[in-house]
Amino acid sequence: VTDERTRATDQALAALKAHGCRMTPQRRAIVSEIMQADGHIAPAELANRVQRKIPGINPATVYRTLGLLDELGILSHAHLGGGVEYHVARDSDHVHLICSNCGTTRSIPTSEIEPVITMIRASHGFLPDLTHFAIEGLCSDCRPRQTDKAKGA
Ligand SMILES: [Zn+2]
Ligand SMILES: [Zn+2]
Ligand SMILES: [Zn+2]
């Protein structure tokens, strides 16, 4: 796994370089931190982590790097309740479920909602991308409570 991540970091750095980005030690450190991350990458959280390692780094540089890697297809983004989050592109084939009551986020593979996608495509000729925005609803913990009692109980 470590080798794989090192390779992913090298590929990301090569792509940025090919795109004309100046390679600084800071940029390398940011990219390495991004490519080591598991699952979702929240921009503010990532900026904090990078700042602990490299004091004085500008969070804007971290956000810009995330945006660039997204443009280059190395990352992809999704809109969750708290804002945009990024994933390594190969990990992006999932749908986010957000509980509108407690805020819990779950991910399910896109294949599980394939029938919905197929249905919308068949009846409307529209191919929905359900991975881009989170689907809001109630999680299994909140659902019975909300049905039994008034909201906020
Ligand atoms: Zn996700
Ligand atoms: Zn978007
Ligand atoms: Zn919930």
Asker: Grab the two heavy atoms, one from Leu46 and one from Glu33, that are nearest each other, plus how far apart they are.
Answerer: CD1-CG, 3.9 Å
Asker: Students often mix this up, so state it plainly: with edges at 30° and 60°, are the rings of His87 and His96 parallel, tilted or perpendicular?
Answerer: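 His87 vs His96 ring planes: parallel.
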Asker: For Ile34 versus Ile41, what's the shortest heavy-atom pair and its separation?
Answerer: O-CD1, 3.7 Å
Asker: With no hydrogens and no angle check, is any side-chain donor or acceptor of Ser100 less than 3.5 Å from a backbone partner on Gly137?
Answerer: yes
Asker: Looking at every non-hydrogen atom in both residues, tell me the closest pair between Pro43 and Tyr86 and how far apart they are.
Answerer: CG-CE1, 3.8 Å
Asker: I need the minimum non-hydrogen distance between Asp70 and Ser76, along with the two atoms involved.
Answerer: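 Taking every non-hydrogen atom into account, OD1-CA, 3.7 Å.
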Asker: Just wondering, more than 12 heavy atoms not from Glu45 lying within 6.0 Å of its CD?
Answerer: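 No.
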Asker: Is it the case that the side chain of Arg143 and the backbone of Leu138 share a donor-acceptor pair, with hydrogens and angles ignored and the cut-off at 3.5 Å?
Answerer: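 Checking the backbone N and O of Leu138 against the side chain of Arg143, no donor-acceptor pair under 3.5 Å is found.
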Asker: So how far is it from Asn58 CG to Tyr63 OH, rounded to the nearest 0.5 Å?
Answerer: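 One finds 9.5 Å between CG of Asn58 and OH of Tyr63.
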Asker: If Ile, Leu, Val, Met, Phe, Trp and Tyr residues are connected whenever their side-chain heavy atoms lie under 4.5 Å apart, and connections chain through other members, are Leu80 and Leu66 in the same group?
Answerer: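 Not linked; separate clusters.
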Asker: Donor-acceptor pairs under 3.5 Å, side chain of residues 11-28 to any protein atom, not counting sequence neighbours: which ones?
Answerer:
from  : atom 1 : to    : atom 2 : distance (Å)
Thr24 : OG1    : Arg27 : N      : 3.1
Arg27 : NH1    : Thr65 : OG1    : 2.9

Asker: Please confirm whether the backbone N or O of Asp93 pairs with a side-chain atom of Thr110, one donor and one acceptor, at under 3.5 Å?
Answerer: yes
Asker: Out of curiosity, does Ile120 fall in the hydrophobic cluster containing Ile135 (side-chain heavy atoms, cut-off under 4.5 Å, transitive links)?
Answerer: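 Yes, same cluster.
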Asker: Is it true that Leu127 and Leu130 fall in one hydrophobic cluster, defined by side-chain heavy atoms closer than 4.5 Å?
Answerer: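 Yes; tracing contacts between hydrophobic side chains, which count when under 4.5 Å, links both residues.
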Asker: Is there a continuous path of hydrophobic side-chain contacts, each under 4.5 Å between heavy atoms, that joins Val116 to Ile108?
Answerer: yes
Asker: Could you measure the distance from the NE2 atom of His77 to the CD atom of Glu71? Nearest 0.5 Å is fine.
Answerer: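 Taking NE2 in His77 and CD in Glu71, the distance rounds to 11.0 Å.
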Asker: Would you compute the distance between atom CG of Leu97 and atom OG1 of Thr104 and round it to the nearest 0.5 angstrom?
Answerer: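 Rounded to the nearest 0.5 Å, the CG-OG1 separation comes to 11.0 Å.
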Asker: Between Gln51 and Ile57 (side chain of the first, backbone of the second, donor and acceptor by atom type, cut-off under 3.5 Å), is there such a pair?
Answerer: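 The answer is yes, because a donor-acceptor pair under 3.5 Å joins these two groups.
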Asker: Looking only at non-hydrogen atoms, find the nearest pair between Cys139 and Cys99 and report the distance.
Answerer: N-SG, 3.4 Å
Asker: Please report the interatomic distance CZ(Arg5) to CE(Met35), rounded to the nearest 0.5 Å.
Answerer: 10.0 Å
Asker: Which heavy-atom pair separates Ile98 from Gly81 by the least distance, and what is that distance?
Answerer: CD1-N, 2.9 Å
Asker: Where the side chain of Ser107 meets the backbone of Val95, is there a donor-acceptor pair that is under 3.5 Å apart?
Answerer: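 No, the answer is negative, given that no donor and acceptor are paired below the 3.5 Å cut-off.
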Asker: Measure the spacing between CD1 of Ile113 and NE2 of His94 and express it to the nearest 0.5 Å.
Answerer: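 The NE2 atom of His94 is 11.5 Å from CD1 of Ile113, to the nearest 0.5 Å.
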Asker: Could you grab the distance from atom OG1 of Thr9 to atom CD1 of Ile74, nearest 0.5 Å is fine?
Answerer: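 Thr9 atom OG1 to Ile74 atom CD1 measures 10.0 Å (nearest 0.5 Å).
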